[in-house]
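Letters go in sequence order (proteins before strands), and every chain restarts at 1. All values below were derived from every heavy atom in this structure, side-chain atoms included, with hydrogens, water molecules and symmetry-related copies excluded.
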Amino acid sequence: MPELPEVETIRQDLVKKILNKKIAHVEVVRDKAVGEMGKKFVQALVGNSITAIHRRGKLLIAILKNSKDSLLIHLRMTGQLIYEKEVKNKVEIVAGGHKMSEKDIENLPNKSTQVVIVFADGAQLFFNDQRRFGYMKLASPETVAAALKKYGPEPLTKDFTEEHLKKIFTARQNTTVKAVLLNQELIAGLGNIYVDEVCFCAGVRPQRRVKTVTASERKKIFNCIPKILKEAIRHRGTTFRNFLDSSGREGNYTTFLRVYDRDGEPCRRCQTLIQKTNAAGRGTHFCPKCQK
DNA sequence: GTGTTTGTTATCAA
DNA sequence: CTTGATAACAAACA
């Protein structure tokens, strides 16, 4: 699941790799992946180049040189952006065909490839998406502005303050910590993995009602959010199922996870077995001893 | 065949 | 109107 650290890892890599490269050719394998304006999508990209890539929460925004429109890219659950400098295979799409692992980047394009952007120097950017929830679409300045407006503060900037966390914890009295931290309109970028990790870091169970969270616990959550996210970015994100960075490599944070996907395993701090439950409709992991 | 996985949006109830 | 909870979406895997 690409969350803030995974999307940021991809963003930083792609900035180094594709900025200002001329786009020679675009192959849209699956029309729905680029939204309603398929033809316009190709027209806007061919001959153009990307001058900047921004991130807001889990959303990537690619700025185009010769267009007012921008590319909005959301990887949702299983999206990948894989860059290949050398053309290993001819761009030929095989629909259906033999079974192929999502991690199979040796043979791109593969079964989950939705869009291929070919640069003038022969390098290629593959947008793959096994579950087909993600998108790479052209958006007008108005659409971009509207999309960005929906997000809460970025947790790694000064916009994210203790005061803000206090505000959203007191305004939403009747819900859980998990639901608040997952809500992109309240804080941008946290998903299921990092919400559980932040809650462990803060010693608070995700399923706690926010109205029962003390000021001191809230402060811990406030400090843990950027701490955990930065730590994860430093290790290039978490690969739980099929996250790959733009070079096709897995994230290294997987081995650092304290609770996520560790149900039945001993807590790294106290050896008590990690438990799993459902909160806010999501699989939720916690240490019954370390988290109150 | 069944259940589980999750980011986001749609839908519904209060 | 708001808020919150839940279903739906999609595809693969155990």
Side-chain angles (χ1 to χ4, degrees), chain A residues 1-8 10 29-33 35-36 55-61 72-81 95-104 110-114 127-137 139 143 146-152 155 167-199 206-212 229 232 237-244 251 254 257 259-264 274-285:
Chain A
M1 286 65 64
E3 304 178 25
L4 189 153
E6 291 76 30
V7 177
E8 179 61 16
I10 288 177
V29 183
R30 184 171 159 274
D31 289 337
K32 275 185 83 176
E36 299 83 34
R55 179 190 56 73
R56 189 77 170 88
K58 306 167 193 170
L59 182 70
L60 287 173
I61 307 102
L72 292 184
I73 306 169
H74 203 301
L75 302 176
R76 290 285 181 100
M77 292 178 60
T78 57
Q80 304 172 329
L81 287 169
H98 59 288
K99 197 169 178 177
M100 218 178 287
S101 161
E102 186 67 19
K103 287 175 183 171
D104 177 16
N110 65 22
K111 206 170 140 189
S112 71
T113 300
Q114 312 286 312
F127 170 46
N128 300 331
D129 189 8
Q130 179 188 96
R131 300 276 287 275
R132 304 180 177 185
F133 271 24
Y135 56 80
M136 173 186 273
K137 61 187 182 188
T143 307
L148 299 188
K149 217 173 73 181
K150 286 190 179 180
Y151 287 96
K167 198 173 112 194
I168 62 178
F169 267 41
T170 43
R172 309 234 162 186
Q173 283 279 314
N174 230 350
T175 192
T176 60
V177 172
K178 179 105 183 188
V180 169
L181 298 186
L182 274 178
N183 189 331
Q184 304 299 298
E185 296 180 21
L186 302 179
I187 304 170
L190 294 171
N192 208 31
I193 297 174
Y194 296 108
V195 167
D196 283 4
E197 294 300 315
V198 163
C199 286
Q207 60 272 47
R208 280 267 298 280
R209 298 273 144 187
V210 288
K211 62 181 161 196
T212 71
L229 292 176
T238 303
T239 295
F240 170 57
R241 279 251 163 77
N242 64 355
F243 166 72
L244 296 177
T254 318
L257 295 175
V259 286
Y260 186 82
D261 200 32
R262 295 197 68 246
D263 47 309
I274 301 298
Q275 288 183 12
K276 184 179 181 185
T277 181
N278 187 300
R282 295 292 171 241
T284 297
H285 315 72

Quiz item: Any idea which heavy atoms bring A:G79 and A:P2 closest together, and the distance?
Solution: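 Closest approach of A:G79 to A:P2: O-CG, 4.0 Å.
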Using only side-chain N and O atoms of [X], determine if any of them is under 4.0 Å from OP1 or OP2 of [N].
| X | N | result |
| --- | --- | --- |
| A:Q184 | B:dT8 | yes |
| A:R76 | C:dA11 | no |
| A:T175 | C:dA5 | yes |
| A:K111 | C:dA12 | yes |

Considering residues at least two apart in sequence or located in another chain, which fulfil the side chain to side chain contact (heavy atoms under 4.5 Å, CB included) criterion with [X]?
| X | result |
| --- | --- |
| A:K276 | A:D263, A:H285 |
| A:K32 | A:R30 |
| A:R76 | A:H74, A:F133, A:Y135 |
| A:D31 | A:V28 |

Between atom [atom1] in [X] and atom [atom2] in [N], what is the gap in whole Å?
| X | N | atom1 | atom2 | result |
| --- | --- | --- | --- | --- |
| A:N183 | C:dA5 | CG | C1' | 13 Å |
| A:L59 | B:dT9 | CG | P | 10 Å |
| A:H285 | B:dT4 | NE2 | P | 13 Å |
| A:E185 | C:dA5 | CD | C1' | 15 Å |
| A:N174 | C:dG4 | CG | P | 7 Å |
| A:L182 | B:dT9 | CG | P | 14 Å |
| A:D263 | B:dT5 | CG | P | 9 Å |
| A:F133 | B:dT5 | CZ | C1' | 11 Å |

Quiz prompt | Nearest-neighbour nucleotide for the A:R209 side chain, B:dT8, C:dA5, C:dA11 considered | solution =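 Selected nucleotide: C:dA5.
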Practice problem: Look at the side chain of A:Q130 and decide which nucleotide, out of B:dT8, C:dA11, B:dG7, has an atom nearest to it. | Solution: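 So the nucleotide nearest the side chain must be C:dA11.
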Quiz item: Heavy atoms under 4.0 Å, any strand shown: does A:Y260 hit a base, just sugar-phosphate, or nothing?
Solution: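 Sugar-phosphate, backbone atoms only, no base.
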Practice problem: List the steps, then state whether side-chain hydrogen bond (donor to acceptor under 3.5 Å, both in side chains) holds for A:N128 with A:K111. | Solution: CA-CA 8 Å; A:N128 300 331; A:K111 206 170 140 189; over 6 Å; no
Quiz item: Listed in order of residue number, which residues of residues 274-284 of chain A have a non-hydrogen atom at under 4.0 Å from DNA chain B?
Solution: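 Heavy-atom cutoff 4.0 Å gives A:K276, A:R282, A:G283.
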Exercise. Go through the structure and list residues passing ring-ring contact (aromatic ring centres under 6.0 Å, His included) with A:F127, not counting sequence neighbours.
Key: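 ring-ring contact (aromatic ring centres under 6.0 Å, His included) list for A:F127, sorted by chain: empty.
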